[in-house]
Amino acid sequence: MQANIQEIFRSIQGEGLYAGAPAVFVRFSGCNLRCAYCDTKKSWRAAKHCLYQPVEFARHVVRVPNAVSAEDCADMIFWLSPQGLVSFTGGEPLLRAKYIAHVIQLLGANYTYLIETNGTLPAALKYLPNSPNIVYSIDLKNPKFLRFYKTVPPKSPKYIKIILEKNLSIEKTLQILNKIPMTGTPLFLQPVNNKIDKKELQKWMYFLEKNGYVYKVLPQIHKFARWK
Ligand SMILES: Nc1nc2[nH]cc(C(=O)O)c2c(=O)[nH]1
Ligand code: SF4
Ligand SMILES: [Mg+2]
């Protein structure tokens with residue numbers, strides 16, 4: 001099995017529940033959405049080479065010809081870290097759900113696998129095992145979120161990320177959130193490009209609290225540190 005991969009590197013997880021934790025990142029090519037604020041537009045297209053950074057923070061990069069086999073992907077992850085956190089991102093990683101399942105099968109239970117998804121492809125979830133080692137970081141940016149949230153395998157932990165941008169409606173977001181049981185699900189507000197108008201943020205905070213939600217506002221910490 002093969003997939004077009006943009007890059008594989010080790011860095012500090014900059015978003016969400018695992019922010020601050022060292023992680024290996026696997027960035028897939030291709031996305032089913034076209035968000036105006038996307039910071040990885042390059043990943044929309046297939047890449048000729050997968051850029052593999054064999055040592056974290058080093059300048060040295062190996063150009064691995066695409067497509068990359070699941071076996072080679074698992075090896076590259078293992079050599080960066082024989083255990084710990086693996087973040088599958090993109091693009092949209094669930095366009096490659098079968099491939100991810102195969103990589104996970106090859107690497108085994110020594111890792112926590114984080115799927116950083118835009119939350120719009122619930123049908124892809126059937127390819128992934130129901131495992132507490134597989135964690136879903138789900139963006140709330142589309143009404144398909146509802147079906148997705150309910151379809152996540154029951155043993156898999158999950159958390160929600162709301163990318164705060166000026167076109168996102170608080171009312172519509174609350175309508176979606178109010179339809180799901182949230183008990184214990186962490187909720188993160190992530191200002192797009194790490195910038196937000198204070199008044200706008202206060203409005204989000206006011207309405208979320210009025211509706212009983214517990215949340216954290218967390219910028220992308222890797223961007224402050226100028227890491228990848
Ligand atoms: N450091 C770091 N953390 C991240 N968390 C999510 C990322 C993403 O692009 O999905 C990302 C990323 O690109 N870099
Ligand atoms: S879902 Fe993510 S990767 Fe896809 S276009 Fe939107 S921001 Fe970019
Ligand atoms: Mg990113």
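Just so you know, ligand 1 is whichever comes first in the structure, and atom 1 is the first atom listed for that ligand.
- Near Ser11, with a cut-off below 4.0 Å to any heavy atom, the atoms of ligand 1 are 1 (N).
- Taking the six-membered ring for Trp and the full ring otherwise, the centers of Phe28 and Tyr99 sit less than 6.0 Å from each other.
- Remark: side-chain polar atoms of Ser29 are not paired, donor with acceptor, to backbone N or O of Ala46 under 3.5 angstrom.
- Using a 4.0 Å cut-off to heavy atoms of Gly14, the atoms of ligand 1 that qualify are 1 (N), 2 (C), 3 (N), 4 (C).
- For the pair Lys161 and Phe188, the NZ or CZ position fails the cation-pi test of under 6.0 Å to the six-membered ring centre and within 45 degrees of the ring normal.
- Tyr149 contributes a side-chain N or O that, together with a main-chain N or O of Pro181, makes up a donor-acceptor pair within less than 3.5 Å.
- Taking CH2 from Trp44 and CD from Glu92, the interatomic distance works out to 13.5 Å, rounded to the nearest 0.5 Å.
- Residues Tyr113 and Tyr111 place their aromatic rings such that the two centres sit under 6.0 Å apart.
- Close approach of ligand 1 to Ile12 is summarised as follows: ligand atoms under 4.0 Å from at least one heavy atom of the residue are 1 (N), 2 (C), 3 (N).
- Of the polar atoms of Thr40, none of the N or O atoms is found under 3.5 Å from an N or O of ligand 1, judged by distance alone.
- Without hydrogens or angle criteria, Arg27 side chain to Gly90 main chain gives a donor-acceptor distance under 3.5 Å.
- Heavy-atom proximity to Lys228, at under 4.0 Å, picks out these atoms of ligand 1: 1 (N), 2 (C), 14 (N).
- By the 6.0 Å and 45° rule, Lys228 does not stack over the aromatic ring of Phe25.
- If you number the atoms of ligand 2 from 1 as listed, the ones under 4.0 Å from a heavy atom of Trp44 come out as 5 (S), 8 (Fe).
- Here atom 6 (Fe) of ligand 2 has protein N, O or S atoms under 2.8 Å from it, and they come to 1.
- A donor-acceptor pair under 3.5 Å is absent between the side-chain atoms of Tyr136 and the main chain of Gly119, judged by distance alone.
- Taken from CG in Leu128 to CD1 in Ile115, the straight-line distance is 5.5 Å, to the nearest 0.5 Å.
- Contacts between Trp227 and ligand 1 below 4.0 angstrom, taking non-hydrogen atoms only, are absent altogether.
- Interface of Thr89 with ligand 1, defined as ligand atoms under 4.0 Å from a residue heavy atom, comprises 8 (C), 9 (O), 10 (O).
- Of the listed options Arg27, Glu116, His222, Gln190, Arg27 places a heavy atom closest to atom 13 (O) of ligand 1.
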